[in-house]
Amino acid sequence: MDGDITQSQEWAALGKHQEELAGRHLRELFAEDPGRAERMTVTAGDLYLDYAKHRATGRTVELLAALAERAGLRDRVEAMFGGEHINVSEDRAVLHVALRMPREAELVVDGQDVPADVHAVLDRMSAFARRVRGKEWKGATGKPIETVVNIGIGGSDLGPAMAYEALRDYADAGVAARFVSNIDPADIVGNLRDLDPETTLFVVSSKTFTTLETLTNARVARSWLVGALGDDAVAKHFVAVSTNAAKVAEFGIDTDNMFGFWDWVGGRYSYDGAIGLSLMIAIGPERFREMLAGFRTMDEHFRTAPFDRNMPVIMGMLGIWYTDFFGAETRAVLPYSQRLHRFPAYLQQLTMESNGKSVRADGTPVTAQTGEIFWGEPGTNGQHAFYQLLHQGTRLVPADFIGFAEPYEDREGMHDQLTANLLAQTSALAFGKTAEEIAAEGTAAEIVPHKVMPGNRPTSTILAPKLTPSTLGQLVALYEHIVFVEGTVWGIDSFDQWGVELGKKMASDLAPALTSEEPPTSFPDPSTELLVRRYRELRG
Ligand code: F6P
């Protein structure tokens with residue numbers, strides 16, 4: 001909508017409803033409404049969501065759906081899928097959904113036949129991946145590739161790194177992937193240490209191909225390779241993924257070995273396109289396409305399901321509910337899957353770079369909190385670390401629990417134990433344990449308060465049959481669309497990231513002061529000046 005959504009009737013109605021619900025406990029809500037557990041579920045593709053353990057009722061869902069309508073969510077979804085320039089501050093379409101459209105889809109945006117271009121790149125990636133996997137693509141000395149090192153950062157790293165970890169059981173061609181991102185030399189040095197240049201392929205991934213970290217790491221990798229195999233080896237050991245052919249050529253990578261994408265794909269939304277090349281090489285083009293089909297399943301659900309049966313809408317609007325009406329600051333994401341150990345980190349960029357904004361798309365300041373803080377670790381590790389605060393702390397931390405029915409491989413019933421933990425945690429968080437219950441167990445009176453479990457702590461549980469390329473695609477698309485729903489309600493541009501620019505510029509201005517022989521002269525502020533002086537002293 002135009003203007004300030006917090007001034008709408010729908011917002012006010014939710015405020016009033018929150019006052020009625022704030023003092024209610026989930027124990028009461030379940031007791032009053034025995035059908036709640038069954039009703040407050042939704043299925044999308046292979047994903048099943050239980051949202052009954054939320055501080056919400058059917059009425060809450062109605063009011064949240066009304067707010068989503070008021071925000072113009074329907075039109076906005078169509079605007080995204082139709083290629084309108086909804087990234088207003090950069091005047092761009094937002095078309096990551098086109099990266100998984102079928103070949104026969106029709107979509108022309110700004111004169112470009114989008115599905116045709118997307119599939120041309122996917123076909124080139126597939127052909128290349130097959131050559132590497134089939135050992136036809138040989139290194140400069142004739143040996144096949146055994147390790148692919150993706151050099152990228154942010155969206156050019158987190159997506160493929162997360163997905164490779166998630167799907168590594170499907171990496172079946174004897175080609176391993178590694179990911180180097182940090183400008184900290186420890187990252188590239190540590191990763192190169194045990195690699196053989198003759199069997200290593202570098203995929204330099206950068207949308208802009210101007211990112212300091214990536215280009216620096218790529219230069220180090222090139223020197224390492226050239227030192228061992230000579231200049232001519234570069235062509236066989238370096239490929240690029242970028243939107244910027246000129247910069248790729250300038251770096252010295254043959255643009256025949258470049259896989260492209262377009263400015264309408266945001267970095268954090270890009271691993272289902274060419275940025276996923278390292279993943280595709282590891283798991284194969286067929287699995288990669290299964291993943292794309294998974295994304296598409298969730299896209300279609302998001303586009304067509306009514307709001308009150310729409311998984312991304314329900315989860316996104318619950319994010320608004322807790323952030324703006326309960327004052328929650330963060331959302332924990334707790335995958336009960338070791339393979340998803342990078343999923344929270346991936347979501348941090350997806351969600352926080354997208355929705356960490358203080359002005360609306362028209363430049364006016366927002367008047368409500370935006371941008372949930374996402375964090376998390378896989379269960380059960382988290383249980384033995386920070387769940388204490390989730391259960392008995394003073395803060396409200398809504399949490400998403402993610403589990404799978406079938407493991408890739410099991411030992412001694414471990415997977416059922418894992419799932420039992422997930423289920424136990426969400427139940428304990430919701431229902432807690434009262435002082436009476438604890439006293440009835442014979443606990444000494446003075447200890448009872450320490451053992452009280454307040455409960456009333458909201459969770460979503462997402463269950464899927466198995467972690468596969470398809471279910472991973474569905475899960476990632478789910479969160480992409482949650483971000484979209486929240487950003488639409490907040491009225492912000494979820495697709496730019498101007499807030500990261502200033503720090504980059506200042507770092508490049510400061511770098512000479514750290515290394516020059518001359519005494520440093522100009523500093524942004526006195527505290528930084530002192531730190532620079534101390535750093536130089538320590539460096540000697
Ligand atoms: O600094 C933030 C950012 O621009 C991200 O949005 C992006 O994913 C990352 O840097 C890497 O950018 P590039 O792919 O252009 O190297």
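Note that ligands are numbered from 1 as they come in the structure, with each ligand's atoms numbered from 1 the same way. Just so it is clear, the structure is predicted and the values come from calculations on it, not from any experiment.
- Contact residues of ligand 1 (protein heavy atom closer than 4.0 angstrom to a ligand atom; sorted by chain and number): I153, G154, G155, S156, S206, K207, T208, T211, G267, Q349, E353, Q497, V500, K504.
- Checked for salt-bridge contact, E136 and R130 miss the test: no charged N lies under 4.0 Å from a carboxylate O.
- Proximity of the aromatic rings of Y346 and Y479 is defined here by a centroid distance below 6.0 angstrom, and this criterion is not met.
- Looking at T471 and T468, their side chains do bring a donor and an acceptor atom within 3.5 Å of each other.
- Proximity of the aromatic rings of F128 and F259 is defined here by a centroid distance below 6.0 angstrom, and this criterion is met.
- Between K207 and D263 there is no salt bridge, since no side-chain N of the basic residue sits under 4.0 Å from a carboxylate O of the acidic one.
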Run F404 and Y336 through ring pair (Phe, Tyr, Trp, His ring centres under 6.0 Å) and show every step you take.
CA-CA 8 Å; F404 299 91; Y336 277 65; over 10 Å; no
